[in-house]
Engineer: 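This is the structure I have questions about; it appears just below.
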Amino acid sequence: MKNERIPDDINNLMSSKDTNAKTDNKEDKQKGFKQIYPKLIVTILVVALLVFALKFFLYNDISSSFMNDDPSIMMLDYNDYKFKQLSEGNDSGISIDASDISRSHSVSGEYCAVLSSEKTLSVIKNNEELTQVDVNVSSFHIATVSGSVVYTKGNTLNLYDSEQKLGSEIFQGDILIYHISPDGKKVVFVNDNTVYLYSDGETTEICKDYIPISVSDNGVIYLIDQEKNDLYSYTDELTLVSDNIADNFFMNVHCNEIMFSNGKSMYISINGEAQRRVSSNEINYILPEKHITYDNGNENNILGVNSLFDCLYIDGANNIFKIIDKYDSQSDKYDSLIYNISSENYKLSNDGKKLLYITPDKKLFIADTSKKNSGKQLASDVDSFTINSSASVIAYVTKDGDLYRSNGKNSEKIGESVEHMQVGEKGAIFYITTNKTLFCAEKGKSPTEIASKVEVLKCYSNCTYYAVDDGDSFNSAYGGTISSGYSLLSYNS
């Protein structure tokens, strides 16, 4: 599984601390001390100051970590370089000593696996129970459904059952590639160009000179021929699925469906069966913004959906459609629900039922994804828009910079000269004006000014974070420094 990343708009501001400025400041202080106090007194004062700073940052009631969309994801504390796990709406949580970590979590978020820079692997259950799995761990993958973990340590491959809290070594040798099934009971891996399957305590040789990309709960393995780039499946024997596939393939969370391209058309294979065409053109999936893609070593190619037929898709001409699980053998193609929508700017509600989009002529529409041609115009002259996860609150800005709130039926103007906006999960709309002032507009209330000189704004499930250019790299309010001259602050949303 791929590690959940810090959002780009905040992460771009997150840089190393201004070490030169701090070093100069520290040297100036030390020179002053040396002129007044003996060297021993100076040492005591410096140690005391460091202890005080450490206690302040570690135990301040307001954490300097920021929340990701899923409360099961580990948080980074930029002041003391600790990683903390925060429960929804709760500042207290688990802290793991590390300057850098890798982290992955199951679909439900019940389990989160963490590998520290000190190579200690731990599993966190339900945001509160931490169990150390092993030390000197090189790499790991977590099962998308069960939360079990497969990992390498030295020249051994190991499996840890997160529910039973039991671990075992399953193979000795140099492991090149490995994947775990969603239920955590099977592992496919490569040793010395030979592909093996571990299942029910037994290891079986499958084939040689192939690259496995997944294994499902029922033991279906998808593999790629290293020389020809052909796609194969394996249950009892190797079966050719498609020849010469392109790199852009993706799977459902159960790893029993794979969609891929041969460079021209898109195809799907289900439970290891031969390919079936889904589109005459290359397409890509559309997921809600807060939806999650996973990686069991496949570069984010596992989508957090039960079936690939649950997704919406978009082609090269920006046409949006849905593939219907109904195959026509005569046309060698699945049916599609075409929305007659062409847009580069679109958003999908978390349940996949509402699609909002801006047409090339700047009109904002909302559509029911279960129906064809159901688009309803909400506004015109729209430059940008955003939604909360359910799309019950829609915020959009017109070409004149006016900000509106809409429930999908009615709209009201709430702000002017707006440069950027975000919607909190509870419905509050946060927006930054052209003079860098941040406001919060709750339904039925006048907008409240929160701060000035605001550069970055990001809303999460229980809190909103923003970066203020206050010129004070040591400002610690609500979380301290994110970059020299910026402070990361929070506001309950």
Side-chain angles (χ1 to χ4, degrees), residues 1-5 72-74 83 85 94 96-126 129-192 194-204 206 211-217 219 221 253 255 292-302:
M1 292 173 53
K2 193 84 168 181
N3 301 332
E4 280 287 299
R5 291 185 174 85
S72 68
I73 303 302
M74 300 305 296
F83 285 80
Q85 168 130 354
I94 296 169
I96 298 177
D97 292 328
S99 59
D100 190 17
I101 63 171
S102 299
R103 60 204 185 276
S104 299
H105 61 93
S106 59
V107 174
S108 65
E110 180 180 4
Y111 291 99
C112 179
V114 182
L115 179 61
S116 76
S117 60
E118 297 174 349
K119 303 303 180 183
T120 299
L121 179 64
S122 303
V123 169
I124 300 172
K125 182 179 180 180
N126 292 327
E129 181 184 344
L130 183 144
T131 302
Q132 181 174 308
V133 176
D134 209 339
V135 296
N136 299 321
V137 173
S138 302
S139 63
F140 74 96
H141 298 314
I142 189 169
T144 54
V145 176
S146 71
S148 293
V149 182
V150 60
Y151 64 93
T152 58
K153 177 180 179 179
N155 67 339
T156 64
L157 185 65
N158 304 268
L159 182 61
Y160 179 78
D161 187 322
S162 297
E163 182 64 30
Q164 301 296 325
K165 296 183 179 181
L166 296 174
S168 60
E169 179 184 302
I170 62 176
F171 192 82
Q172 284 189 350
D174 294 329
I175 308 301
L176 300 177
I177 299 170
Y178 61 96
H179 306 287
I180 186 171
S181 62
D183 64 4
K185 296 181 180 180
K186 296 177 176 63
V187 179
V188 61
F189 59 95
V190 177
N191 168 256
D192 194 22
T194 301
V195 180
Y196 295 91
L197 174 65
Y198 172 85
S199 178
D200 297 325
E202 297 183 358
T203 299
T204 305
I206 301 299
I211 301 174
I213 58 176
S214 67
V215 57
S216 67
D217 294 343
I221 303 172
V253 75
C255 297
I292 300 168
T293 56
Y294 299 88
D295 177 21
N296 278 351
N298 290 329
E299 298 181 356
N300 259 14
N301 289 329
I302 298 179

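Remember, it's a predicted structure, so these values are computed and weren't measured experimentally.
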Engineer: Got a sec, which residues hit side-chain contact (heavy atoms from CB on, under 4.5 Å) with Thr152, two or more places apart in sequence or on another chain?
Structural biologist: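 For Thr152 the side-chain contact (heavy atoms from CB on, under 4.5 Å) partners, ignoring immediate neighbours, are Ser138, Ser139, Leu157, Ile175, Tyr178.
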Engineer: Is there a side-chain contact between Ser122 and Ile124 (heavy atoms, below 4.5 Å)?
Structural biologist: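 No, every pair of side-chain atoms sits at 4.5 Å or beyond.
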Engineer: Is His179 reaching over with its side chain to a backbone N or O of Val187, donor-acceptor style, under 3.5 angstrom?
Structural biologist: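 Pair absent, no side-chain N/O of His179 close to backbone of Val187.
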Engineer: Tell me, with the steps shown, if Asp192 and Thr194 meet side-chain hydrogen bond (donor to acceptor under 3.5 Å, both in side chains).
Structural biologist: CA-CA 5 Å; Asp192 194 22; Thr194 301; 5.6 Å; no
Engineer: Could you pull out the closest heavy-atom pair between Cys255 and Ser216, with the gap in Å?
Structural biologist: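 Nearest heavy atoms, Cys255 then Ser216: O-CB, 3.5 Å.
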Engineer: Would you call Val123 and Tyr111 a side-chain contact if the rule is heavy atoms closer than 4.5 Å?
Structural biologist: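 Yes; the side chains approach each other to less than 4.5 Å.
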Engineer: State, with a plain yes or no, whether a side-chain heavy atom of Lys185 is found less than 4.5 Å away from one of Asp183.
Structural biologist: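 Answer yes - side chains close enough.
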Engineer: Under the side-chain contact (heavy atoms from CB on, under 4.5 Å) test, which residues partner Asn155, sequence neighbours left out?
Structural biologist: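 For Asn155, the residues satisfying side-chain contact (heavy atoms from CB on, under 4.5 Å) (neighbours in sequence not counted) are Asp174.
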Engineer: Can you check whether Asp161's main-chain N or O pairs, donor with acceptor, with Ser148's side chain at less than 3.5 Å?
Structural biologist: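 Pair absent, no side-chain N/O of Ser148 close to backbone of Asp161.
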Engineer: Side chain to side chain contact (heavy atoms under 4.5 Å, CB included) between Leu197 and Val215: does it pass, once the steps are laid out?
Structural biologist: CA-CA 9 Å; Leu197 174 65; Val215 57; 4.0 Å; yes
Engineer: Give the table of side-chain donor-acceptor pairs shorter than 3.5 Å for residues 130-137, with sequence neighbours excluded, one pair per line with atom names and distance.
Structural biologist:
unit_1 : atom_1 : unit_2 : atom_2 : d
Asp134 : OD1    : Lys153 : NZ     : 2.9
Asp134 : OD2    : Tyr151 : OH     : 2.9

Engineer: Would you say that Thr120 contacts Leu115 through its side chain, given a criterion of any heavy-atom pair below 4.5 Å between the two side chains?
Structural biologist: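 They are not in side-chain contact.
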Engineer: Would you sort out whether Lys186 and Asp217 count as a side chain to side chain contact (heavy atoms under 4.5 Å, CB included), showing the intermediate values?
Structural biologist: CA-CA 7 Å; Lys186 296 177 176 63; Asp217 294 343; 5.7 Å; no
Engineer: By side-chain hydrogen bond (donor to acceptor under 3.5 Å, both in side chains), which residues pair with Ser162, not counting sequence neighbours?
Structural biologist: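 Ser162 satisfies side-chain hydrogen bond (donor to acceptor under 3.5 Å, both in side chains) with no other residue.
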Engineer: Starting from the C-alpha separation in whole Å, work towards a yes-or-no answer on side chain to side chain contact (heavy atoms under 4.5 Å, CB included) for Leu121 and Val114.
Structural biologist: CA-CA 6 Å; Leu121 179 64; Val114 182; over 6 Å; no
Engineer: Lys119: what forms a salt bridge (Lys or Arg N to Asp or Glu O under 4.0 Å) with it, not counting sequence neighbours?
Structural biologist: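 Lys119: no salt bridge (Lys or Arg N to Asp or Glu O under 4.0 Å) contacts found.
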Engineer: Take Ile177 and Ile213 through the test side chain to side chain contact (heavy atoms under 4.5 Å, CB included) and record every step on the way to the result.
Structural biologist: CA-CA 9 Å; Ile177 299 170; Ile213 58 176; over 6 Å; no
Engineer: Looking at Val253, is its backbone amide N or carbonyl O close enough to the side chain of Thr144 to form a donor-acceptor pair, meaning the two atoms are under 3.5 Å apart?
Structural biologist: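 Answer holds: yes.
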Engineer: I'd like to check the side-chain contact (heavy atoms from CB on, under 4.5 Å) partners of Leu176; sequence neighbours left out, ordered by chain and number.
Structural biologist: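 Counting only residues at least two positions away or on another chain, Leu176 forms a side-chain contact (heavy atoms from CB on, under 4.5 Å) with Val190.
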Engineer: Looking at side-chain heavy atoms only, is the closest gap between Asn191 and Phe171 below 4.5 Å?
Structural biologist: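 Contact flag for Asn191/Phe171 side chains = yes.
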Engineer: So Ile221 and Ser214, do their side chains get closer than 4.5 Å, heavy atoms only?
Structural biologist: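 They are not in side-chain contact.
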Engineer: Check the surroundings of atom CD in Glu169: do more than 12 heavy atoms from other residues, nucleotides or ligands lie under 6.0 Å from it?
Structural biologist: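 More than 12 heavy atoms, drawn from other residues, nucleotides or ligands, come within 6.0 Å of this atom.
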